[in-house]
Amino acid sequence: MRQVLLILIFFCTVSSHGQNNGQNSTIALTKADSLQIIKFQNRLKSANDKEKLELYYNLASLYLSKNDSVATIYTELLLQNATAINHAQSKGKALFLKGKIISPSSSIRALDYFQEATAILEDSEDRSLKDVYFEQSQIHNLFSEFPEALDYGFKSLEFNKINDIEENILRDMSFIGYIYDRMYEFEESINWNRQALKIAKRIGNKKGEAHCYGRIGIAYDELAEKDNFNKRLFDSALYYNKKAAKLSESINDLAFSRTTYSNIGNTYSKLKDYKRAEEYTLKSLAVPGFESRKGVTLVNLGKIYLETKRFIEAKKILDSAMQNTLKYGTRKYQLEAYYRFHELDVKKGDYKSALNNYIEYKSIEDSLLNETKTRQIAEMGERYKTADKERQILIHRADLAERDLIIQKRNAQLFGIIGFAVILIFIGYLFYNQQKLRNQQLKKESELKDALLKIETQNRLQEQRLRISRDLHDNIGAQLAFIISSIDNLKYGFKITDQKLNDKLTSISDFTTETIYELRDTIWAMNKTEITFEDLQSRLSNYIDKAHVFEGKINFTFQVDKDVDIKRKFNSMEGVNIHRVIQEAIHNSIKHSNSKTIKVKVENFLEHLKFTISDDGQGFDSTNVEKGNGLLNMQKRIHEIGGKFEVESSKNRGTKVSFVI
């Protein structure tokens, strides 16, 4: 078997020399790498079993990312030999290499390998842990599982600090900063990258230094946008990004300098300094190579021309961007190109073409979303099959163990016939208990596997729930926003003399805006498994503040008694129903009561909470008036969550809506 694998290595190595261009995944070996490979292969001829394990690991590591086919063969040799001589540490290294090789095609399977490797390598404190933790942090970050990503990032940092591996300490600190950036913790991101920057300067790592400057610049840019487009923060973003660009140019890191120039151009666009935005965007496009990544930069340039009303140049650049995305199959950038074409058509007043381009944009967006979901489902199916195989192996092992025990029991009986009857009974009893314990152990292992699968399924369901909320926000929210934008364009693009039509369009726009607010409330509830009273109080306060702004003549009060437990938690359905009922009650008071004061009060009622919304308006005769949809909906919402609902009103004495949860 080993000879066959060595022959395969020979042919994979030979074929790799003829595949150094086009779209292959191999990278040419350097002269130093080739000399090392020859040296290790020569040593294999006289090496003992343990020495071979180290040599296989070194050879697989050298070929990793340069020729993954050969790396796979050496990894399999390492795993086979480590298993044969029961060398756990080398088995852990082999599993780590398998994860590295498969990571580009299946992150979920790679994560499984890394977790197996971690369990083995942690026992021996192997130096491979300096990268195993980091790889897991990267995958969890890719899946937007930020707590897990931070956990492994800190584990990697701690290991590298203990072992004084400064290059990796720099890497880990900067990446932890990047995770915080993705969590919208921009100030925390800046702090971590500043610490990493000090290490980069001390050890003379220019590439690491440039990347720290770039990440600090990106964090300042996002911080500025969050802080109402704060010019001072944008200036900081430009300062650090320019330092990153200059440094990356000096070390000929063209990929990072190209990206940084594009980031600088985007910052100037946000500042509406389109002259400089164009200058740096063109500078990014002028960097040689990286043609497959330039589609998005061309789209950014088209956006600059759009904003400066150079529609002819915008059309040419967007056409070029579209050709680039079609040539290299970068559908994500093609999606953005269609959206810019849609904006161009709107600005030119060509609404038919704008609609067609927007339909193309949505079609690609939906297609990309479906592809992502299909890939995730396939990977989850693959994991399920693997788990199912493991269960079958456990059952098979149980059968073998049972058969083995039966054979041993028969042998004991034969010895007992010769003259050891008492010993036979004793041994039989011992074997019976051992069999029982083994079966119980195997049963517990199977139950544990099932429990782990259930937990994993629940986690995936939670992830799907979060994805659905993001889809609602990104897809339906965007479509509603587009409706409002389209109505505004119709009103301002055409002289509408029909007042009824104008009022109808305004009504549709207002209704759509209200729908967006309700959608945000729904997403707020979906994103939480439970809602604290503090969350609810904060959201109600914001709503009352907004109502006060729009209805300045009405005095609003919001009172929470001191003895109310503000740490109390509601499930998402309870939280959203309470919020909606209070909103509806306030809305009804504003619309119908003609009141001067609206009060919202929360107090303890026995072991429950009582919410009261009252006004001093004109009221109504509650005994003669039939309940409308608003009151019926409020009553239904409270009954759904097991509460009691009550309305008290009389003419000229105001209205009081109360419910107990």
NZ of K242: more than 12 outside heavy atoms within 6.0 angstrom? yes
Crowding at OH, Y184 (>12 non-hydrogen neighbours, <6.0 Å): no
Any side-chain to backbone donor/acceptor pair from T330 onto Y333? Under 3.5 Å, distance only. no
Do side-chain atoms of E135 reach the backbone of V132 as a donor and acceptor pair under 3.5 angstrom? no
Taking the six-membered ring of F533 (Phe, Tyr or Trp), confirm whether the NZ or CZ of R568 is under 6.0 Å from its centre and within 45° of its axis. no
Between the side chains of E51 and R43, is the shortest nitrogen-to-carboxylate-oxygen separation below 4.0 Å, so that they form an ion pair? no
Are R182 and F146 in a cation-pi contact, defined as NZ or CZ under 6.0 Å from the six-membered ring centre and within 45° of the axis? no
Donor-acceptor check, side chain of S106 to backbone of I102, threshold 3.5 angstrom: yes or no? no
For E574, does its backbone N or O pair with a side-chain atom of N571 as donor and acceptor, under 3.5 Å? yes
Out of the candidates I216, D181, I179, L223, only one should pair with S189 under the side chain to side chain contact (heavy atoms under 4.5 Å, CB included) rule; please name it. D181
Rounded to the nearest 0.5 angstrom, the CD-CG distance for E158 and L129 is 11.5 Å
So, does N81 use its side chain to make a donor-acceptor pair with the main chain of L77 at under 3.5 Å? yes
Are K93 and E54 close enough for a salt bridge, meaning some N to O gap below 4.0 Å? yes
With distance as the sole test, does S107 use its side chain to make a donor-acceptor pair with the main-chain N or O of I139 at under 3.5 Å? no
Going by an N to O cut-off under 4.0 Å, is there a salt bridge joining E209 and K243? no
D253 vs R258, salt bridge (Lys or Arg N to Asp or Glu O under 4.0 Å): CA-CA, chis, key distance, verdict: CA-CA 9 Å; D253 186 358; R258 182 194 68 81; over 6 Å; no
Kindly give the heavy-atom pair with the smallest separation between S284 and Y261, and that separation in Å. CB-CB, 3.7 Å
Judged by atom type as modelled, is there a donor-acceptor pair below 3.5 Å linking the side chain of N67 to the main-chain atoms of S69? yes
Below 4.0 angstrom, N of the basic side chain to O of the carboxylate: do K226 and D221 qualify? no
Heavy-atom count check: over 12 atoms from other residues, nucleotides or ligands less than 6.0 Å from K91 NZ? no
About how many Å separate CG of D131 and CD of Q138, when rounded to the nearest 0.5 Å? 9.5 Å
Step through the shown structure and confirm whether more than 12 heavy atoms of other residues, nucleotides or ligands are within 6.0 Å of CD on E291. yes
Quick one: does T72's side chain have a donor or acceptor within less than 3.5 Å of a partner on D68's backbone? yes
Short question: side chain of S174, backbone of R171 - any donor-acceptor pair under 3.5 Å? no
Do F154 and W192 have their ring centres less than 6.0 Å from each other? yes
Distance flag, aromatic centroids of Y152 and H140, threshold under 6.0 Å: yes
